[in-house]
Amino acid sequence: MNKKAFIFDLDGVIVDTAKYHFLAWQKIAKELNIDFTLEHNELLKGVSRVRSLDIILELGNVEASQEDKDKWLIQKNEDYLTYLVDMNESEILPGVFTILKFLKEKNQPIALGSASKNARPILEKTGILSYFNVVVDGNDVTNAKPDPEVFLIAAKLLNISPENAIVFEDSVAGVQAANIGKMTSVGIGEATVLHEAKYIFKDFTEIDTDFIEELIKE
């Protein structure tokens with residue numbers, strides 16, 4: 001059987017921790033008298049923590065020293081982690097487990113490719129860490145998406161060429177990263193937003209095992 005690298009983003013693909021990121025960022029923004037809405041939060045999808053803070057400061061036309069930025073970055077992560085304490089398998093998005101289980105049964109290499117620096121604890125808390133042969137997260141990369149670094153490292157660790165890698169992403173930057181890396185991009189979300197992806201599904205409940213079989217055969 002063909003071997004493909006199946007690479008999953010974390011936030012918005014496997015679990016929905018975006019809501020927790022939003023609450024943590026909103027708390028910082030409120031302290032700085034910056035109006036930060038769910039619409040604004042879309043700008044942070046697939047973006048590093050450092051860049052996310054810069055975007056929020058730009059929204060409020062706030063200038064800050066590096067010392068203040070470092071303090072807020074630590075505060076944001078601490079607040080975010082408090083929301084993760086009670087995470088469990090119920091946080092896995094619908095349909096994801098079915099696909100992970102099928103890929104495991106087919107002996108297909110599976111990787112996580114995420115900007116999150118909390119990827120491992122999240123996978124542990126949701127009980128699916130064992131499904132991943134490789135975990136590449138924000139601790140392992142220097143370049144944020146749309147740079148394909150995170151996905152290229154994952155494919156390399158799986159010993160699979162980029163052309164034989166399939167990436168599941170919910171952000172524009174993530175889809176672009178997969179495309180730049182010469183990988184097959186599968187968008188999870190709205191077609192109007194993720195139109196650059198080769199395939200697009202609203203969520204994993206729309207993806208059946210026949211589609212995965214076809215990806216393996218390609």
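Below, each value reflects all heavy atoms present in this structure, side chains not excepted, and no hydrogens, waters or symmetry copies. Bear in mind the structure is a predicted one, so any value in this text is a computation, not a measurement.
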Taking the basic N atoms (NZ, or NE/NH1/NH2) and the acidic carboxylate oxygens, is any pair closer than 4.0 Å for [X] and [Y]?
X: E63; Y: K69; result: no
X: K76; Y: D79; result: no
X: E89; Y: K125; result: no
X: E91; Y: K19; result: yes

Taking the side chain from [X] and the backbone from [Y], do they hold a donor-acceptor pair closer than 3.5 Å?
X: N133; Y: A111; result: no
X: S185; Y: K198; result: yes
X: K30; Y: F36; result: no
X: E196; Y: Q176; result: no
X: E169; Y: V175; result: no
X: E190; Y: K202; result: no

Closest approach of [X] and [Y], non-hydrogen atoms and distance?
X: L57; Y: A64; result: CD1-CB, 4.3 Å
X: T126; Y: M87; result: CG2-CE, 4.0 Å
X: S52; Y: W25; result: CB-CZ2, 3.5 Å
X: F151; Y: G113; result: CE2-O, 3.6 Å
X: K217; Y: K4; result: C-NZ, 4.5 Å

| field | Near-ring test F211/Y199, centroid separation under 6.0 angstrom | value | yes
| query | For residues N77 and N118, is any side-chain donor paired with an opposing acceptor at under 3.5 Å? | reply | yes
| field | Flag if over 12 foreign heavy atoms under 6.0 Å of CG, D208 | value | yes
| field | Atom CD of E39: over 12 foreign heavy atoms under 6.0 Å | value | no
| query | N2 and N164: side chain to side chain donor-acceptor pair (under 3.5 Å), yes or no, with the steps? | reply | CA-CA 9 Å; N2 292 343; N164 287 317; over 6 Å; no
| Member of L112, L158, I153, I110 meeting the side chain to side chain contact (heavy atoms under 4.5 Å, CB included) criterion with V134 |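 The passing option is L158.
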| request: Identify which one of I7, N179, T184 satisfies the side chain to side chain contact (heavy atoms under 4.5 Å, CB included) criterion when paired with V167. | output: I7
| said: Pair T17, D11 - check side chain to side chain donor-acceptor pair (under 3.5 Å), show working. | reply: CA-CA 6 Å; T17 55; D11 296 340; 2.3 Å; yes
| query | In terms of ring plane angle, is the pair F8 and F132 parallel, tilted or perpendicular, where the classes change at 30° and 60°? | reply |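 The rings of F8 and F132 stand perpendicular, inter-plane angle above 60°.
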Which value, rounded to the nearest 0.5 Å, describes the distance between [X] atom [atom1] and [Y] atom [atom2]?
X: K117; Y: S48; atom1: NZ; atom2: OG; result: 8.5 Å
X: I99; Y: Q108; atom1: CD1; atom2: CD; result: 12.5 Å
X: R51; Y: I56; atom1: CZ; atom2: CD1; result: 10.5 Å
X: D170; Y: L93; atom1: CG; atom2: CG; result: 9.0 Å
X: D35; Y: L59; atom1: CG; atom2: CG; result: 9.0 Å
X: D140; Y: D137; atom1: CG; atom2: CG; result: 4.5 Å

| request: Would you check, one step at a time, whether the test ring-ring contact (aromatic ring centres under 6.0 Å, His included) holds for F204 with F97? | output: CA-CA 9 Å; F204 274 88; F97 185 70; over 10 Å; no
